[in-house]
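Have a look at the structure below before the remarks.
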Amino acid sequence: MHPLLHPLYVDFCTYFNGNQDYFECHEVLEEYWKMCAPGEKDHPLVGYVQLATGMYHWRRNNTAGALKILNKAKKNFTQNQTSPFFEFIEFDELCNNCEISLKAIENGEPFEAFQLMITNETLASLVQKQIIELPPLPKDFLLHKHMLRDRSDILEARNNRKLALSQKRLNKK
């Protein structure tokens, strides 16, 4: 199976082109990246995660965050241009849309979504089929989705790391 036909990548494209749920884009692609290339911070999937994160920040008017992360995405795309992870996406259009978004943010223009141009019929068909099934989401929900999630597992893991580090320091004494 081609890596861009993986269900998590299909979900990413669906959220990106469908209801512009960039938070979900980030979630599904981060999961896929951890399966494919955990720890490889220059992997093309990281660029897509950065793209979604930048768009999320821009929509929330966090222009500094949006500029920083979209520039990272564009750099990642450029460095990985020959990767199979771009074979079914119109690469020049993707980079051009990143550049247009960056200039719009720098000029203080309001958020404007763009579409990933899918060049493969199979991927396009899978994405279109899923887009039809997406529920409409209120703008406020999309703006503040990161604050609505259950973070108890993340906070517990962070606390456990702190406790382990404290214990390690005590053991050294």
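As a basis for the values below, the full set of heavy atoms in this structure was taken, side chains included, without hydrogen atoms, waters or symmetry mates.
- Remark: Leu8 CG to Cys25 SG distance equals 12.0 Å, nearest 0.5 Å.
- Every pair passing side chain to side chain donor-acceptor pair (under 3.5 Å) that includes a residue from residues 82-101 is listed here, sequence neighbours excluded: His2-Glu87, Lys74-Glu99.
- Interatomic distance, CZ of Phe12 versus NE2 of His26, reported as 11.0 Å (0.5 Å rounding).
- Under the salt bridge (Lys or Arg N to Asp or Glu O under 4.0 Å) criterion, no residue pair touches residues 108-133, with sequence neighbours excluded.
- By the side chain to side chain contact (heavy atoms under 4.5 Å, CB included) test, Ile105 pairs with Trp58, Thr63, Ala66, Leu67, Leu70, sequence neighbours left out.
- Within the model, atoms CZ of Phe23 and CD of Glu27 stand 4.0 Å from one another, a figure rounded to the nearest 0.5 Å.
- Looking at Asp11, its side chain never comes within 3.5 Å of a backbone N or O of Val28 through a donor-acceptor pair.
- The shortest heavy-atom contact between Pro3 and Pro84 is CG-CB, 4.3 Å.
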For Phe114 and Phe16, what are the C-alpha separation, side-chain angles and deciding distance, and is it a ring pair (Phe, Tyr, Trp, His ring centres under 6.0 Å)? CA-CA 8 Å; Phe114 65 84; Phe16 198 96; 5.5 Å; yes
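- Following chains of ILVMFWY side-chain contacts shorter than 4.5 Å, one can reach Met55 starting from Leu134, so the two form part of one hydrophobic cluster.
- Considering only heavy atoms from C-beta on, Lys75 stays 4.5 Å or farther from Gln50 through its side chain.
- Although no hydrogens or angles enter the test, the distance criterion places no donor-acceptor pair under 3.5 Å between the side chain of Asn76 and the main chain of Val46.
- Under the ring pair (Phe, Tyr, Trp, His ring centres under 6.0 Å) criterion, Phe86 pairs with Tyr48, Phe77, Phe91, not counting sequence neighbours.
- With rounding to the nearest 0.5 Å, the separation of CG in Leu94 from OG1 in Thr78 is 9.0 Å.
- Rounding to the nearest 0.5 Å places CD of Gln81 at 11.0 Å from CD of Gln79.
- Residues satisfying the side chain to side chain contact (heavy atoms under 4.5 Å, CB included) test with Val127, not counting sequence neighbours, are Val10, Cys13, Thr14, Ile118, Leu123, Ile131.
- The hydrophobic clustering, which links ILVMFWY residues whose side-chain heavy atoms are closer than 4.5 Å, places Ile69 and Leu29 apart.
- A side chain to side chain donor-acceptor pair (under 3.5 Å) check over residues 30-39, counting only residues at least two apart or in different chains, returns nothing.
- Gln20 is listed as a side-chain neighbour of Arg59, based on a closest heavy-atom distance under 4.5 Å.
- Grouping the Ile, Leu, Val, Met, Phe, Trp and Tyr side chains by contacts below 4.5 angstrom, directly or via other members, places Leu116 with Leu5.
- For His43 and Phe85, the ring centers are positioned less than 6.0 Å apart.
- Each of Met117 and Tyr22 belongs to its own hydrophobic cluster when Ile, Leu, Val, Met, Phe, Trp and Tyr are linked at side-chain heavy-atom distances under 4.5 angstrom.
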